[in-house]
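Each chain gets a letter, A, B and so on, in the order its sequence line appears, and its residues count up from 1. As a basis for the values below, the full set of heavy atoms in this structure was taken, side chains included, without hydrogen atoms, waters or symmetry mates.
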Amino acid sequence: MTPEELSTAIRSALQGAVHDGQLQVDVPADLRVERPRQRGHGDWATSLALQLAKGAGMPPRDVATILAERIGQVPGVAGVEVAGPGFLNITLDAASAGELARTIVRAGPAYGTNGSEHGRCTNVEFVSANPTGPIHLGGTRWAAVGDSLARIIEANGGTVTREYYFNDHGAQIDRFSRSLLAAAKGDPAPEDGYAGDYVLDIAHRVMDREAGILELPDEQAQERFRAIGVTMMFEEIKASLHDFGVDFDVYFHENDLHADGAVDKAIARLTERGEMFERDGALWLRTSAYGDDKDRVVIRSNGEPSYFSGDLAYYLNKRERGADRVFIMLGADHHGYIGRLMAMCQAFGDAPHENLEVLIGQMVNLVKDGKPVRMSKRAGTVVVLEDLLDAVGKDAARYALTRSSTDSTMDIDLDLLTRHSNENPVYYVQYAHARTSNVARLAAEDGVARSDGFDPSLLVDPTEAALLATLGDYPRVVAQSATLREPHRVARYLEDLAGRFHKWYDTCRVRPLTVEDEVTDLHRTRLWLNDATRQVLANGLGLLGVSAPDRM
RNA sequence: GCCCCCGUAGCUCAGGGGAUAGAGCACCGCCCUCCGGAGGCGGGGGCGUAGGUUCGAAUCCUACCGGGGGCACCA
């Protein structure tokens with residue numbers, strides 16, 4: 001029995017009590033069972049009676065008693081107990097609980113998925129780092145989290161477009177190309193330019209590609225450096241993201257919005273809607289009408305479009321390409337941007353926080369010996385995606401960046417990058433998966449086969465009940481991670497599951513102790529449970545973009 | 001001044017109102033003649049402060065304290 005099935009059964013029990021006049025309450029829309037923290041409080045618990053007591057005009061324990069009697073009749077429920085102020089603690093019979101192992105194995109990769117996002121197309125824009133250098137830690141965090149979130153929404157049945165906004169239009173590109181030119185000439189980097197070995201590296205590669213580029217007049221040379229250098233940088237970013245397991249469906253160039261008239265179109269649309277106005281020689285969007293602090297310039301008084309103009313066009317473009325919902329993931333240093341983006345959304349006639357969501361992630365700090373380290377090119381403490389990848393590998397890097405909430409600033413310890421340590425919880429989870437693989441392999445050698453027997457009533461060990469209950473939680477974790485946009489919940493869940501598995505493994509053998517011992521249904525049934533665990537670990541790790549190794 | 005995020009164990013962090021607040025790491029002590037000890041068992045220690053809402057608050061609200069990040073005709 002899955003927790004969903006149990007919840008449904010409880011709902012029926014409640015409806016029955018209402019129907020028979022035992023209780024006079026509204027049946028709540030959200031009715032669910034929870035895993036009690038304490039052992040001894042049953043397999044599942046609900047505080048339903050406590051919630052209903054007031055409306056029913058009865059003491060909570062009386063409500064609980066009425067419900068307990070009815071829930072106790074549900075097939076598969078071994079016992080119901082009224083506890084404390086009115087909790088209902090429910091124990092399933094082993095057979096009913098154990099059936100879940102077979103359900104999971106049969107569902108395979110589909111276990112935990114659902115259709116709640118079916119028919120909805122979400123455009124997820126993340127990373128979007130400027131092509132003026134490698135991806136820093138902040139962008140790396142978004143790469144991991146954004147890709148996971150995309151996977152999770154897909155697991156909820158949604159269609160996702162992963163999108164990278166490639167900012168190749170404005171002043172920072174000029175600074176980058178001037179920096180390349182300066183580096184090529186052996187001059188120091190411009191005041192407001194970019195420094196670092198990678199600039200010199202790109203400059204050299206541009207010169208290799210285009211011999212004689214330095215013979216050109218500065219202006220033309222700079223333009224060549226821009227065109228070639230930006231493309232090279234872009235390819236590098238793409239390649240390192242790929243190595244990180246993140247591939248975008250669309251790399252969108254800001255330049256195109258300006259070149260193909262998309263900006264003009266967006267402005268025309270907003271003008272039609274009466275949202276634009278002129279002041280001081282500039283063209284403005286009246287974002288203050290929709291909650292923004294102030295109005296925002298779209299075309300500057302010098303005739304140049306502002307950065308914001310690209311956002312207008314880009315949003316419209318995404319919607320016209322079929323996105324029902326647009327996610328934009330930004331660093332905390334951009335939180336001040338939310339107001340104008342939401343106002344823009346509304347100005348287009350869309351629903352803010354429905355058609356558009358801005359997800360803010362806090363910063364990543366570099367730490368050494370518990371002390372913050374400023375990222376400094378001179379000190380060699382700039383850490384980029386490749387550094388993290390080289391140091392700990394894709395799995396550990398992605399896991400570490402995904403396992404905590406994006407609401408918290410994150411510290412990355414510099415020592416981790418040099419120590420190659422096994423402290424990462426990812427190994428705990430991966431090891432559990434490797435163990436399940438090992439057990440399955442050895443069981444097969446011993447002639448233990450799932451197909452020969454399955455008797456879930458044999459799964460009576462407390463560690464088996466705990467493992468089963470945790471396995472049953474997985475679908476809700478996937479659903480909740482999606483609705484809250486919080487991939488870290490999957491990671492935390494996997495750590496819990498891995499722990500339950502390790503404890504079970506320590507207590508319950510899947511294979512006979514020796515070759516002389518007979519293979520029984522207990523062994524076979526436990527193999528089902530082992531394989532179910534393996535499946536869920538693999539499914540969950542997949543959502544994080546982390547591999548599920550058979551050996552470590 | 002205004003806005004956003006955070007403050008939970010020595011450290012890094014989970015805990016979207018529920019029972020005795022958890023995990024990893026670190027520290028101490030144990031556990032395979034038995035599926036991989038990258039494991040398991042036990043121990044010490046914690047919700048920034050003060051109010052409020054609630055049968056019940058780490059969780060919701062308010063104020064304050066502390067830390068981080070923002071408040072451009074820059075991108």
Measure [atom1]/[X] against [atom2]/[N] and give the value in whole Å, please.
| X | N | atom1 | atom2 | result |
| --- | --- | --- | --- | --- |
| A/D446 | B/C35 | CG | P | 11 Å |
| A/Q172 | B/C74 | CD | P | 13 Å |
| A/Q362 | B/G67 | CD | C1' | 12 Å |
| A/H488 | B/U12 | NE2 | P | 17 Å |
| A/Q430 | B/A38 | CD | P | 14 Å |
| A/F308 | B/C73 | CZ | P | 12 Å |
| A/M342 | B/C4 | CE | C1' | 13 Å |
| A/Q480 | B/U59 | CD | P | 18 Å |

Of A/A432 and A/P85, the one whose nearest nucleotide on RNA chain B sits closer to the 5' end is A/P85
Pick the nucleotide of RNA chain B nearest each of A/Y337 and A/P60; which residue has the one closer to the 5' end?
A/P60
Presence of donor-acceptor pair under 3.5 Å, side chain of [X] and base of [N]:
| X | N | answer |
| --- | --- | --- |
| A/E34 | B/G18 | no |
| A/N438 | B/G36 | yes |
| A/H335 | B/C3 | yes |
| A/S301 | B/C73 | yes |
| A/N89 | B/A19 | yes |

How far does the [atom1] atom of [N] sit from the matching atom of [M], given to the nearest Å?
| N | M | atom1 | value |
| --- | --- | --- | --- |
| B/G16 | B/A58 | P | 13 Å |
| B/U33 | B/G18 | C1' | 48 Å |
| B/G22 | B/A9 | P | 14 Å |

When all nucleic acid strands are considered with a 4.0 Å heavy-atom cut-off, which category describes [X]: base, sugar-phosphate, or nothing?
| X | answer |
| --- | --- |
| A/R441 | nothing |
| A/Y428 | sugar-phosphate |
| A/I360 | nothing |

Of the listed nucleotides [options], the one nearest the side chain of [X]:
| X | options | result |
| --- | --- | --- |
| A/K503 | B/C74, B/C41, B/C55 | B/C41 |
| A/M552 | B/A38, B/C41, B/C35 | B/A38 |
| A/H502 | B/G39, B/G36, B/C6 | B/G39 |
| A/V297 | B/C55, B/C73, B/G36 | B/C73 |
| A/A45 | B/A19, B/A14, B/C73 | B/A19 |

salt_bridge([X], [Y]) N-O dist < 4.0 Å:
| X | Y | result |
| --- | --- | --- |
| A/E445 | A/R511 | no |
| A/D174 | A/R178 | no |
| A/R450 | A/D531 | yes |
| A/D521 | A/R524 | yes |

With no hydrogens and no angle check, do the side chains of A/N130 and A/T132 hold a donor and an acceptor under 3.5 Å apart?
no
Is the closest side-chain donor-acceptor distance between A/H433 and A/T436 under 3.5 Å?
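Side chains of A/H433 and A/T436: no pair found under 3.5 Å.
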According to the Watson-Crick and G-U wobble definitions, with both distances under 3.5 Å, which nucleotide is paired to B/G22?
B/C13
Under 3.5 Å on both distances, the Watson-Crick or G-U partner of B/A63:
B/U49
Going by the side chain to side chain contact (heavy atoms under 4.5 Å, CB included) test, name the single residue among A/D311, A/L359, A/L356 that passes it with A/I328.
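The residue from A/D311, A/L359, A/L356 that satisfies side chain to side chain contact (heavy atoms under 4.5 Å, CB included) with A/I328 turns out to be A/L356.
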